[in-house]
Amino acid sequence: MICAPSFLSSNFSKLKVEILSINHAKWLHFDVMDGKFVENKTYNHEILTEIGQYSNQIFDCHLMVENPEKDIDNYAKNGADYITFHYEATKDSKKLISKIQSVNVKAGISIKPATDVEVLDDFLEDIDLILIMSVEPGKGGQKFMENALDKIRYLDHLRKEKGYHFLIEVDGGINFDTAKLVKKAGADIIVVGSYIFNRNNRNDIIREFENV
Ligand code: DX5
Ligand code: ZN
């Protein structure tokens with residue numbers, strides 16, 4: 001499994017130390033919240049430049065923002081490798097996917113727990129990554145919602161049948177028990193926030209998640 005730590009639950013007053021404490025991870029998950037699509041507000045594209053000074057990890061940007069169209073160029077310019085928007089935040093997912101890919105960034109689409117996975121059917125051929133939320137977006141430390149498993153199984157079955165190339169990423173409430181469940185269901189990438197940042201031996205924990 002790929003383990004993408006989310007530093008949402010990290011100590012922002014010592015961000016560099018916190019990011020270096022998870023330097024074994026190949027991916028880094030940025031939880032961008034605008035205070036409109038979700039209640040909380042976190043950071044914007046500028047954080048990629050800051051962290052890019054001491055990290056060459058894959059920047060996996062999860063945009064929990066209203067009309068994400070406005071942000072694509074900034075995230076692309078600041079070093080995003082993946083830009084994932086929410087299906088629920090745009091009127092034209094297909095157009096947004098091509099916009100992201102046109103600026104040489106991989107396109108991801110995410111659905112909230114209450115959104116049916118079938119809404120993604122039209123995008124599966126083109127999309128690079130699908131982010132299945134196993135918690136309500138907006139904060140860390142929540143409990144894993146099991147309805148994510150059927151969505152993962154549905155997508156994994158379809159991509160095997162049709163030969164689609166997208167990756168399946170799962171986000172929210174991941175610990176070693178739920179990591180095993182989502183891997184079995186077909187997930188490729190797990191986002192882990194509080195489970196890592198509430199502990200000290202972080203790189204060891206990441207290695208363990210990679211070998212789930
Ligand atoms: C929630 C974020 C998640 C969250 C994961 O809106 O998208 O990435 O930070 O945190 P944990 O692992 O604590 O659920
Ligand atoms: Zn996230």
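In this chain, residues are counted from 1 in sequence order. When a ligand or atom number is given, it counts from 1 through the structure's own listing order.
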Ligand 1 atoms in contact with [X] (distance to a heavy atom under 4.0 Å):
X      : result
Met33  : 6 (O)
Met64  : 6 (O), 7 (O)
Leu8   : 9 (O)
Gly172 : 14 (O)
Ser6   : 8 (O), 9 (O)
Gly141 : 11 (P), 13 (O), 14 (O)
His29  : 8 (O)

No-hydrogen, no-angle side-chain donor-acceptor test under 3.5 Å, Thr42 and Asp31: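 The answer is no; no qualifying pair exists.
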Under 4.5 Å between any side-chain heavy atoms of [X] and [Y], yes or no?
X      : Y      : result
Leu149 : Lys184 : no
Val65  : Lys36  : no
His45  : Asp71  : no
Asp128 : His165 : yes
Glu210 : Arg207 : yes
Pro68  : Leu96  : yes
Ile19  : Tyr54  : yes
Phe176 : Tyr195 : yes

Minimum heavy-atom distance between Phe7 and Phe197, given as atom pair plus value: CA-CE1, 3.6 Å
Shortest non-hydrogen contact from Cys3 toward Ile196: SG-CD1, 4.0 Å
Are any of the N or O atoms of [X] closer than 3.5 Å to those of ligand 1?
X      : value
Val191 : no
Gly173 : yes
Ser194 : yes
Gly140 : no
Ser9   : no
Asp171 : yes
Met133 : no
His62  : yes

Taking just the N, O or S atoms of [X], which one is nearest to the Zn ion (ligand 2)?
X      : answer
His62  : ND1
Asp171 : OD2
Asp31  : OD1
His29  : NE2

Sole candidate of Leu155, Asp171, Thr115 that passes side chain to side chain contact (heavy atoms under 4.5 Å, CB included) when paired with Ile132: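 Of all the options given, the one that passes is Leu155.
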Which residue and heavy atom of the protein sit nearest [atom], plus the separation:
atom                    : value
atom 6 (O) of ligand 1  : Gly138 N, 2.7 Å
atom 9 (O) of ligand 1  : Asp31 OD2, 2.9 Å
atom 12 (O) of ligand 1 : Gly193 N, 2.8 Å

Location of contacts on Lys139 toward ligand 1, heavy atoms closer than 4.0 Å: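 The answer is the backbone of Lys139.
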Exceeds 12 heavy-atom contacts within 6.0 angstrom, atom CG of Asp92: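 Yes.
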Within 6.0 angstrom of Lys106 NZ, more than 12 heavy atoms from elsewhere: no
